[in-house]
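For reference, the structure discussed in these notes is given below.
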2 protein chains.
Amino acid sequence: MDNSGQSKTDRQVKRDQAFLPQPANGICGRLGDKWTVQVIWRLSLAEDRKLRFSHLKRDIEGITQRMLTLTLRGLERDGFVRRHYFPEVPPRVEYELTELGAGILVSLQGLNFWIRDNFSRIEENRRIYDEAGE
Amino acid sequence: MDNSGQSKTDRQVKRDQAFLPQPANGICGRLGDKWTVQVIWRLSLAEDRKLRFSHLKRDIEGITQRMLTLTLRGLERDGFVRRHYFPEVPPRVEYELTELGAGILVSLQGLNFWIRDNFSRIEENRRIYDEAGE
DNA sequence: CAGAATCCGTGATGATACTG
DNA sequence: CAGTATCATCACGGATTCTG
């Protein structure tokens with residue numbers, strides 16, 4: 001990058017703008033878990049950003065009923081999704097991505113693109129590293 | 001897969017650009033842990049992007065020797081940092097952030113800003129949710 | 001100084017069974 | 001269908017000790 005001849009002022013700006021020590025601890029806590037991003041992502045793909053519980057369950061490969069429930073509860077608590085309960089028989093529950101929840105996906109675009117563009121190199125690095133160790 | 005009814009073009013574009021199903025699992029795996037981002041961040045702030053082991057240890061509050069070692073090993077394996085060993089007495093080891101490692105910080109800027117701007121609202125949501133539950 | 005090795009508690013996750 | 005309730009597991013991280 002352009003860090004040649006970096007001044008203290010730049011450094012200070014960098015410190016203030018770049019990374020907040022505490023908040024981004026493990027990337028905001030919840031985002032680091034196994035399913036949250038997947039759930040948000042799936043909801044964002046749905047038209048009107050709503051999906052039923054069972055739909056999510058089917059879409060997200062490998063997730064258990066329990067973990068989907070827990071993940072959705074966490075997202076609801078943070079205000080990332082809204083829960084719509086329809087007291088029918090059988091019951092129907094829809095989860096809707098809020099503006100807040102949609103916003104975080106946008107903020108993740110940069111990281112997502114970066115991963116897409118660099119993941120193969122990372123895998124290559126790992127291969128080399130592991131090979132050298134044996 | 002059933003795509004019946006939906007605009008496949010939109011959906012397809014969205015799928016390709018938005019989120020890669022697997023790779024971003026819990027955000028690229030390693031990034032979700034407790035210390036990795038902190039370590040990268042600290043290194044990025046250092047001039048010439050190098051710091052000694054002990055320096056990192058002092059800067060990152062709460063990290064143990066063990067976790068710093070493990071985190072650095074992981075980063076080295078991925079090619080995010082380079083390890084420079086100086087066989088002196090006492091030994092000195094410096095860790096240098098690579099271009100790859102620096103790049104991921106940039107890609108995290110968006111998320112970082114978003115968290116900074118929205119974390120208070122999230123906390124408020126949690127407060128409300130928890131209160132309603134009691 | 002920069003680690004390696006070991007033990008251990010805890011939280012996150014998984015598997016299974018039951019229910020309104 | 002959309003959960004809840006239990007139990008089992010397992011990786012992550014912390015604390016401690018030892019060493020070249």
Side-chain angles (χ1 to χ4, degrees), chain A residues 22 24-40 42-43 46 50-78 81-96 126 129 132-134, chain B residues 22 24-40 42-43 46 50-78 81-96 126 129 133:
Chain A
Q22 284 315 321
N25 185 344
I27 313 215
C28 185
R30 171 166 284 84
L31 289 166
D33 75 0
K34 197 170 177 182
W35 303 108
T36 292
V37 174
Q38 280 261 353
V39 170
I40 295 178
R42 291 290 176 174
L43 285 174
K50 280 182 210 160
L51 284 180
R52 300 185 56 160
F53 184 89
S54 54
H55 196 153
L56 280 167
K57 174 89 167 58
R58 261 180 286 114
D59 278 0
I60 303 174
E61 192 180 318
I63 196 169
T64 61
Q65 220 167 24
R66 172 187 150 81
M67 286 317 296
L68 181 53
T69 299
L70 289 179
T71 303
L72 286 168
R73 289 286 173 281
L75 287 172
E76 191 190 357
R77 189 169 101 102
D78 287 354
V81 304
R82 239 186 313 273
R83 184 175 182 269
H84 299 285
Y85 176 71
F86 301 92
E88 310 165 357
V89 182
R92 178 163 58 98
V93 180
E94 286 185 354
Y95 290 92
E96 178 187 12
R126 289 179 180 171
Y129 184 93
E134 289 162 8
Chain B
Q22 285 314 324
N25 183 343
I27 313 214
C28 186
R30 171 167 284 85
L31 288 166
D33 74 1
K34 196 170 176 182
W35 304 109
T36 293
V37 174
Q38 280 260 354
V39 171
I40 295 178
R42 292 290 177 174
L43 285 174
K50 279 183 213 161
L51 285 179
R52 300 185 56 160
F53 183 89
S54 53
H55 195 154
L56 280 168
K57 174 90 167 55
R58 263 181 285 115
D59 278 0
I60 304 175
E61 191 179 319
I63 196 169
T64 60
Q65 223 168 25
R66 171 188 148 84
M67 287 317 296
L68 181 53
T69 300
L70 288 179
T71 302
L72 286 168
R73 288 286 173 281
L75 288 171
E76 191 190 357
R77 188 170 100 103
D78 286 354
V81 304
R82 240 186 312 274
R83 183 175 183 270
H84 299 284
Y85 176 72
F86 302 90
E88 310 166 356
V89 182
R92 177 164 58 99
V93 180
E94 286 186 352
Y95 290 91
E96 178 187 11
R126 289 179 181 172
Y129 184 93

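Every chain is numbered from 1, with letters handed out A, B, ... down the list of sequences. Excluded from the calculations below are hydrogen atoms, water molecules and symmetry mates; all remaining heavy atoms, backbone and side chain alike, are included.
With rounding to whole Å, B:His84 atom NE2 is found 14 Å from C:dA2 atom P. The distance between atom CZ of A:Arg92 and atom C1' of C:dG20, rounded to the nearest whole Å, is 18 Å. Between B:Glu94 atom CD and C:dC1 atom C1' there is a gap of 13 Å when expressed in whole angstrom units. Atom pair B:Gln38:CD and D:dG13:C1' shows a separation of 15 Å (rounding to whole Å applied). Residue B:Arg52 contributes atom CZ, which lies 8 Å from atom P of C:dC1 at whole-angstrom precision. Summarising the geometry, the separation between CG on B:Asp59 and P on C:dA2 is reported as 13 Å, rounded to the nearest angstrom. Counting to the nearest Å, the P atom of D:dT4 and the CG atom of A:Leu68 are 11 Å from each other. Going from atom OH of B:Tyr85 over to atom C1' of C:dC1 covers 10 Å, rounded to whole Å.
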message: The test is side chain to side chain contact (heavy atoms under 4.5 Å, CB included); show your working for A:Lys34 and A:Ile63 and say whether it passes.
response: CA-CA 9 Å; A:Lys34 197 170 177 182; A:Ile63 196 169; over 6 Å; no

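Atom CH2 of A:Trp35 and atom CZ of A:Arg42 lie 10.5 Å apart (nearest 0.5 Å). The structure places CD of A:Glu61 at 9.5 Å from CD of A:Gln38, a figure rounded to the nearest 0.5 Å.
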query: Quick one: what's the B/S/- string for nucleotides 3-19 of chain C, heavy-atom cutoff under 4.0 Å, read 5' to 3'?
result: BS-B------BBB----

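Taking the side chain as every heavy atom from C-beta outward, A:Tyr95 and A:Leu51 never approach each other to under 4.5 Å. Considering only heavy atoms from C-beta on, B:Val93 stays 4.5 Å or farther from B:His84 through its side chain. You'll find the side chain of B:Leu43 reaches within 4.5 Å of the side chain of B:Leu56, heavy atoms only.
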